Protein chains: 2
Amino acid sequence: MKGRTTLKDVAKIAGVSIGTASMAINHNPLVNEETRKKVLEIAAELEYVPNEIARRFQAQRTNTIAVVIPHTASHVFSHPYFNGIFLGITEVLEKYGMTLNISTSPAETDEQSAYQKILQNRAADGVIVASAAATDKNAFRFAQLGYPVVFIGDFLEEGITSVGVDDYAGAFEATEHLIKVHGFSRLAHISGPLEHSSARTRLDGLLEALQAHQLELLPSDLYEGDYSQEAGYVGMKRLIALDDPPRAVFIGNDLMSVGALQALGEAGLSAPKDVAIVSFDDVHLAQLTSPPLTTVRQPIKELGHSAAEILMERLTGDVDTGSWQRTTDGQHHKFETKLVVRRSCGCTGGDS
Amino acid sequence: MKGRTTLKDVAKIAGVSIGTASMAINHNPLVNEETRKKVLEIAAELEYVPNEIARRFQAQRTNTIAVVIPHTASHVFSHPYFNGIFLGITEVLEKYGMTLNISTSPAETDEQSAYQKILQNRAADGVIVASAAATDKNAFRFAQLGYPVVFIGDFLEEGITSVGVDDYAGAFEATEHLIKVHGFSRLAHISGPLEHSSARTRLDGLLEALQAHQLELLPSDLYEGDYSQEAGYVGMKRLIALDDPPRAVFIGNDLMSVGALQALGEAGLSAPKDVAIVSFDDVHLAQLTSPPLTTVRQPIKELGHSAAEILMERLTGDVDTGSWQRTTDGQHHKFETKLVVRRSCGCTGGDS
DNA sequence: CTGAAAGCGCTTACAG
DNA sequence: CTGAAAGCGCTTACAG
């Protein structure tokens with residue numbers, strides 16, 4: 001910190017100019033072998049470490065990728081979904097020597113500020129936006145300002161690159177499983193926040209599957225949650241309090257299913273005996289509940305992975321071509337989902 | 001990105017010097033009210049955003065705190081413990097407008113590199129080290145280099161500030177619960193990696209509690225794990241394969257208990273009927289297993305919180321006093337633990 | 001109250 | 001192959 005040795009010190013002692021010292025240290029082939037050796041030697045002796053901030057300033061690059069998640073830190077760090085996202089992103093950033101900057105909001109109602117922090121500082125070379133509402137305009141500002149940006153989720157706007165999952169097919173399959181395998185003719189649904197396209201699309205998949213079997217969703221059988229455990233708890237309480245409670249529920253994510261299971265337990269009920277449950281995500285938790293959850297697996301880590309790869313491609317691609325608008329701009333990558341059958345639906349299957 | 005408007009642009013159009021423009025934008029009271037207004041107006045018009053990298057360079061501060069965890073990203077993001085740590089840290093950094101930089105290692109055997117990344121770059125104003133082995137010398141380099149650093153865990157070296165938990169008392173209480181409440185006279189233990197002081201200290205607590213009741217730990221009743229679910233699984237398999245398997249196990253953390261429960265299930269056994277289990281951590285998972293875990297609660301989020309607060313205090317304290325070696329240097333903060341009784345130990349208690 | 005200058009530590013053309 | 005200079009965008013003394 002204090003009096004750190006600088007390039008200037010190294011250069012002086014090595015008896016060369018700062019420029020030469022710089023090139024030596026960066027292994028620029030222009031510099032003479034012997035000179036380089038000497039410089040490196042002195043640098044080692046003085047324990048010289050390049051000042052990264054100065055480098056970044058010089059290069060006008062931060063070597064940082066921001067992940068913007070317009071929710072509170074508490075939300076983000078308690079939802080296993082984001083863990084998977086972070087893991088995927090981190091793995092690729094590590095490869096590129098980049099750093100991850102997680103930007104959350106101080107209050108759930110103040111989603112703006114997660115964006116603001118990045119926009120204000122411009123302290124990132126690129127941005128990944130996750131779990132934003134489809135209606136969230138903030139997200140688009142990054143793109144407008146020329147930031148390389150990749151969305152995780154369904155953003156079908158022009159010119160935006162996104163990676164997502166086939167929520168529709170996943171929900172459809174989950175629904176059909178309850179109808180065709182278990183013979184239910186009435187399904188309830190605890191959804192995520194419907195201004196999120198993931199929640200909306202899962203609902204659509206459910207509705208279509210119902211319709212394909214000439215079934216309908218009763219208005220009282222739909223509870224809109226927010227993907228939290230609490231919401232699943234409340235939602236299930238509501239459903240079982242109905243005069244004629246549903247016997248099968250498709251729940252928008254695993255965390256809500258955990259809450260739903262709790263609500264059942266408290267009411268002296270259990271899944272799948274009283275209520276069959278099919279869920280979405282297949283996070284680690286899904287195997288631990290009792291019964292373990294039948295759930296639509298989405299490749300969460302791969303989402304992060306792929307978002308980061310695409311972003312890095314754009315960042316390095318930009319450097320190569322000098323152009324800011326080429327490459328994958330506006331593409332939508334979609335991963336397949338897969339129903340993992342465990343026991344909450346009434347199957348007696350294994351526990352994989 | 002490209003042609004961003006700079007202070008110079010603003011200054012020119014506003015018809016003032018760059019210095020004045022700078023002061024105006026930073027609300028320096030020296031500058032005349034009218035001048036400031038004009039500058040601000042022009043700045044808004046041009047959508048001027050200060051270049052944060054330049055600012056950092058100028059101030060030689062990164063506004064970033066590094067959290068160094070010498071494990072792989074995959075380890076870090078799958079252990080709920082770290083979620084709690086991140087949450088606590090993030091909440092305070094948000095308050096100070098600082099950014100979090102999570103530094104992990106590409107390979108579990110390569111713990112060095114988590115440190116290296118920070119050391120090399122110096123791209124952080126301060127460092128929090130978590131989950132380092134007691135033998136891990138790397139950690140001390142930060143302090144040697146004059147970095148403000150706070151350890152999470154038990155680091156009783158001179159001059160190092162740490163925040164930790166009373167592992168000893170927690171383990172002692174857990175052990176006594178099994179002995180005194182449930183009447184066991186033989187306990188097994190699945191520990192964390194014993195080069196980590198948390199694991200070592202929990203083992204010590206167990207041993208002391210046993211000894212206080214004239215009991216001993218059989219060598220074959222100790223399995224050294226690594227805090228992973230897998231380790232708990234393997235450890236429990238080993239224990240139940242003994243000729244005379246133990247009927248009660250103290251397990252070093254909740255994640256291993258999850259694995260242990262799996263092993264029991266596969267063997268057609270269950271807790272607490274066949275084996276009573278008391279665990280450590282009380283992460284979210286602990287409530288979800290069946291049976292829910294009786295476990296020693298440690299205030300994980302508070303650890304992160306407190307580590308970050310201490311660090312920020314030092315960082316801002318340093319600024320105030322201009323001295324780098326004052327304040328909390330070398331203090332050890334210790335949080336209390338508390339046994340949360342659920343059902344894995346054989347109690348029939350509630351589920352809180 | 002404001003302008004001109006120096007400087008944070010590096011890298012990168014440009015001469016030589 | 002190397003040195004001297006310019007410059008990345010800001011802030012902070014220092015004159016005036």
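Model, not experiment: these values are computed from the prediction.
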Exercise. When the ring planes of A/His79 and A/Phe82 are compared, do they come out parallel, tilted or perpendicular, using 30° and 60° as the limits?
Worked result: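 Aromatic pair A/His79/A/Phe82 classed tilted.
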Detail all sub-3.5 Å separations between protein N/O atoms and N/O atoms belonging to nucleotides 2-4 of chain C.
residue	atom	partner	partner atom	Å
C/dT2	OP1	B/Thr35	OG1	2.3
C/dT2	OP2	B/Asn32	N	3.0
C/dT2	OP2	B/Thr35	OG1	3.3
C/dG3	OP2	B/Ser17	N	2.9
C/dG3	OP2	B/Ser17	OG	3.3
C/dG3	OP2	B/Thr20	OG1	2.9

Problem set entry | Of A/Gln58 and B/Pro29, the one whose closest DNA chain C nucleotide lies more 5' | B/Pro29
Would you kindly give the [atom1]-to-[atom2] distance between [X] and [N], to the nearest whole Å?
X       : N      : atom1 : atom2 : result
A/Leu7  : C/dT11 : CG    : P     : 6 Å
A/Gln60 : C/dG9  : CD    : C1'   : 14 Å
A/Ile25 : C/dG9  : CD1   : C1'   : 12 Å
A/Asn28 : C/dC10 : CG    : C1'   : 14 Å
B/Lys8  : D/dA6  : NZ    : P     : 14 Å

Just list the side-chain donor-acceptor pairs under 3.5 Å for residues 43-50 of chain B, sequence neighbours left out, or say none.
none

Flag the pair [X] / [Y] as yes when at least one side-chain heavy-atom distance between them is below 4.5 Å, and no otherwise.
X        : Y        : answer
B/Thr6   : B/Asn51  : no
B/Thr161 : B/His332 : no
A/Leu315 : A/Ile65  : yes

Problem set entry | Salt bridge flag under 4.0 Å for residues A/Glu309 and A/Lys95 | yes
Problem set entry | Lys/Arg N to Asp/Glu carboxylate O, A/Glu33 vs A/Arg36, below 4.0 Å |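 Salt bridge between A/Glu33 and A/Arg36, a charged N being under 4.0 Å from a carboxylate O: yes.
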Exercise. Who pairs with B/Phe57 by ring-ring contact (aromatic ring centres under 6.0 Å, His included), at least two apart in sequence or on another chain?
Worked result: A/Phe57
Problem set entry | Qualifying residues under ring-ring contact (aromatic ring centres under 6.0 Å, His included), relative to B/Phe142, sequence neighbours excluded |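 Result, ring-ring contact (aromatic ring centres under 6.0 Å, His included) vs B/Phe142: B/Tyr115, B/Tyr147.
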Exercise. Which part of the nucleic acid, if any, lies within contact of A/Thr6, taking any heavy atom under 4.0 Å across all strands shown: a base, the sugar-phosphate backbone alone, or nothing?
Worked result: sugar-phosphate
Problem set entry | Within 6.0 Å of NZ in B/Lys12, more than 12 heavy atoms from elsewhere |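 Check fails, neighbour count at 12 or below.
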For this session: Identify, residue by residue, the members of residues 37-57 of chain A with a heavy atom below 4.0 Å from DNA chain C, and return them in order of residue number, or none.
Result: A/Tyr48, A/Pro50, A/Asn51, A/Ala54, A/Arg55, A/Phe57
Exercise. So A/Leu311 and A/Met98, side-chain contact (heavy atoms from CB on, under 4.5 Å) or not? Walk me through it.
Worked result: CA-CA 12 Å; A/Leu311 196 54; A/Met98 304 281 290; over 6 Å; no
Exercise. Where each pair must be Watson-Crick or G-U wobble with both distances under 3.5 Å, what dot-bracket representation of DNA chain D is obtained, with crossing pairs in [ ] and other-strand partners as |?
Worked result: |||.||||||||.|||
